[in-house]
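Because the structure is a prediction, the values reported are computed rather than measured.
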Amino acid sequence: MNRYSTFALPFAIAIGVATTACAHPSDAGSALAEAIAPERQLIFADEFDDGTLDRDKWIVIGTDFWVNNEQQAYVDTPEVIAFTDDAAGAEGGALILRPVFKPGADPKKERNAPFISGRIESQGKFDFEHGRAEARIKMPDNVGVWPAFWLLGNDQWPGTGEIDIMEYVGEKDWIGVALHGPGYSGETPLVNKFFFPDGVDVTDWHTYAVEWTADQIDFLIDDHLHYRVTRPMVENYGEWRFDNDKYLILNFAMGGAYPFKTNRIEAPYNGIPAETVEAVKRGEVEMLVDWVRVYAPE
């Protein structure tokens, strides 16, 4: 979730074949991802079917948190962390993370963020070392948004290690993935863009996953491997910091460094165009999360 430069690696992938056979492009990929369950020990799951946040699994980040010149203040309120039981394509209920345009609500005057939004973490509730983490997510078509699904260690960044499973800055044909650690943080060289095939984009349901072992980290979309980082690749830049416990994060940031470096939009807010502000005002901008699951190593 921390900033970095990105480079393009387009893919012609099997998901394109799968989408021609089903009404919802991600159905085949979701079935593939779920097929691993009988072979793996499920060690964490939240299906978001209860209509309320499970506080035994998640904490909510508040207004004190601020990085990357992001244009939101995180708050703990149903305005920004909500639930639905009728999201089209969801397997039961779904979590909603959404920004709300609320100038003046930010208690930090030096930041004075025009938006409030939601960020949940499993820190102190659940963490794990090695295994598979995945979430089924549907995102909006709005430039300058910055929702993400990622893992972070419990010590000081960047030495604790960070795994960005999915980051999105509002160009709906691609998502980013990355690793951060000592010597490869911020503008990390261990980063990739995944471009969806024609006719598929982030506004469809997709399962974003990471397979994390002691020797390599694989990034997957709908069970398709699209990027791999090995221990030797990391050690070209610094120490491998992926043999420690990490916790889950889901958040919806607005604007800031990564969107701005992608779109160079300065006004009305850093990285955010007026069209997105108006869409937020209309209540059209949200990230839906069908479920989150974590499996023990194979």
Side-chain angles (χ1 to χ4, degrees), residues 1-11 25-26 66-74 80-81 87 89 94-102 113-119 135-150 164-178 186-188 191-208 219 221-222 226-227 249-289:
M1 183 59 185
N2 290 280
R3 270 166 351 299
Y4 47 80
S5 59
T6 53
F7 60 90
L9 275 179
F11 290 83
S26 63
W66 188 27
V67 293
N68 300 329
N69 197 34
E70 294 168 5
Q71 301 295 295
Q72 83 291 327
Y74 288 124
V80 300
I81 303 172
L95 166 71
I96 302 171
L97 296 181
R98 62 162 68 101
V100 174
F101 187 68
K102 207 165 188 178
F115 301 92
I116 57 172
S117 193
R119 170 171 168 154
R136 188 168 186 255
I137 298 172
K138 178 181 173 70
M139 288 182 288
D141 180 9
N142 303 99
V143 174
V145 299
W146 191 1
F149 170 45
W150 47 303
D164 295 330
I165 304 169
M166 182 281 298
E167 292 188 272
Y168 170 57
V169 294
E171 295 182 359
K172 67 179 183 176
D173 61 337
W174 65 270
I175 62 96
V177 299
E187 302 294 334
T188 175
V191 59
N192 186 49
K193 283 182 178 180
F194 171 83
F195 285 89
F196 290 94
D198 291 343
V200 184
D201 60 47
V202 300
T203 64
D204 304 308
W205 286 105
H206 296 288
T207 298
Y208 301 94
F219 296 90
I221 295 180
D222 296 332
H226 66 90
Y227 187 53
I249 302 173
L250 288 160
N251 69 285
F252 201 124
M254 289 292 292
Y258 192 11
F260 178 75
K261 286 190 175 184
T262 302
N263 59 40
R264 301 298 294 177
I265 293 171
E266 297 181 352
Y269 303 106
N270 184 245
I272 307 171
E275 293 84 356
T276 295
V277 177
E278 294 305 312
V280 170
K281 290 179 181 179
R282 294 191 298 268
E284 299 172 356
V285 182
E286 60 187 21
M287 169 188 184
L288 295 171
V289 185

Under the salt bridge (charged side-chain N to carboxylate O under 4.0 Å, His left out) rule, collect the residues that match up with K102, sequence neighbours excluded.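 Counting only residues at least two positions away or on another chain, K102 forms a salt bridge (charged side-chain N to carboxylate O under 4.0 Å, His left out) with E79.
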Applying salt bridge (charged side-chain N to carboxylate O under 4.0 Å, His left out), can you list everything that pairs with D173, at least two apart in sequence or on another chain?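 D173 satisfies salt bridge (charged side-chain N to carboxylate O under 4.0 Å, His left out) with no other residue.
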Say whether, by atom type as modelled, one donor and one acceptor occur between the side chain of [X] and the main chain of [Y] under 3.5 angstrom.
X    : Y    : value
Y168 : P140 : yes
N68  : E70  : no
H226 : K193 : no
K138 : D204 : no
D164 : V177 : no
Q72  : M254 : yes

Can you tell me how the ring of F195 sits relative to the ring of W174, calling it parallel under 30°, perpendicular over 60° and tilted otherwise?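 Rings of F195 and W174: tilted, as their planes differ by 30° to 60°.
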Check [X] against [Y] and note the closest heavy-atom contact, atom names and distance.
X    : Y    : result
G118 : I81  : CA-CG1, 3.9 Å
A113 : A73  : CB-N, 3.8 Å
Y227 : V191 : OH-N, 3.4 Å

Please determine, by modelled atom types, if W146 and N251 share a side-chain donor-acceptor pair under 3.5 angstrom.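 Not at all, the side chains of W146 and N251 share no donor-acceptor pair under 3.5 Å.
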For the residue pair [X] and [Y], establish whether any side-chain heavy-atom pair is separated by less than 4.5 Å.
X    : Y    : value
V285 : F252 : yes
M287 : V145 : no
F194 : F196 : yes
L250 : I137 : yes
H206 : V200 : yes
L288 : L95  : no

CD1/I249 to CZ/F149 distance, rounded to the nearest 0.5 angstrom?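 Taking CD1 in I249 and CZ in F149, the distance rounds to 10.0 Å.
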W150 CH2 to I165 CD1 distance, which is reported to the nearest 0.5 Å: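 With rounding to 0.5 Å, CH2 (W150) is 11.0 Å from CD1 (I165).
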Where do D201 and D141 land on the side-chain contact (heavy atoms from CB on, under 4.5 Å) test, with the steps shown first? CA-CA 9 Å; D201 60 47; D141 180 9; over 6 Å; no
Tell me, please, which residues at least two apart from R282 pass side chain to side chain donor-acceptor pair (under 3.5 Å).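 Testing R282 for side chain to side chain donor-acceptor pair (under 3.5 Å), a comparison that skips the adjacent residues, returns E284.
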Please list, chain by chain and in numerical order, all residues satisfying side chain to side chain donor-acceptor pair (under 3.5 Å) with Q71, sequence neighbours excluded.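 Result, side chain to side chain donor-acceptor pair (under 3.5 Å) vs Q71: none returned.
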Let me have the donor-acceptor pairs involving side chains of residues 269-278, under 3.5 Å, with sequence neighbours excluded, atom names and distances please.
unit_1	atom_1	unit_2	atom_2	d
N270	OD1	N69	ND2	3.2
T276	OG1	V143	N	3.4
T276	OG1	V143	O	2.6
E278	OE2	K281	NZ	3.2

Chi angles and distances behind the side-chain contact (heavy atoms from CB on, under 4.5 Å) call for V169, N263: CA-CA 9 Å; V169 294; N263 59 40; over 6 Å; no
Run the numbers on M139 and I175 for side-chain contact (heavy atoms from CB on, under 4.5 Å), then give the verdict. CA-CA 11 Å; M139 288 182 288; I175 62 96; 4.0 Å; yes
Could you tell me which residues satisfy ring pair (Phe, Tyr, Trp, His ring centres under 6.0 Å) with F101, sequence neighbours excluded, listed by chain and number?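 F101: ring pair (Phe, Tyr, Trp, His ring centres under 6.0 Å) contacts with F115.
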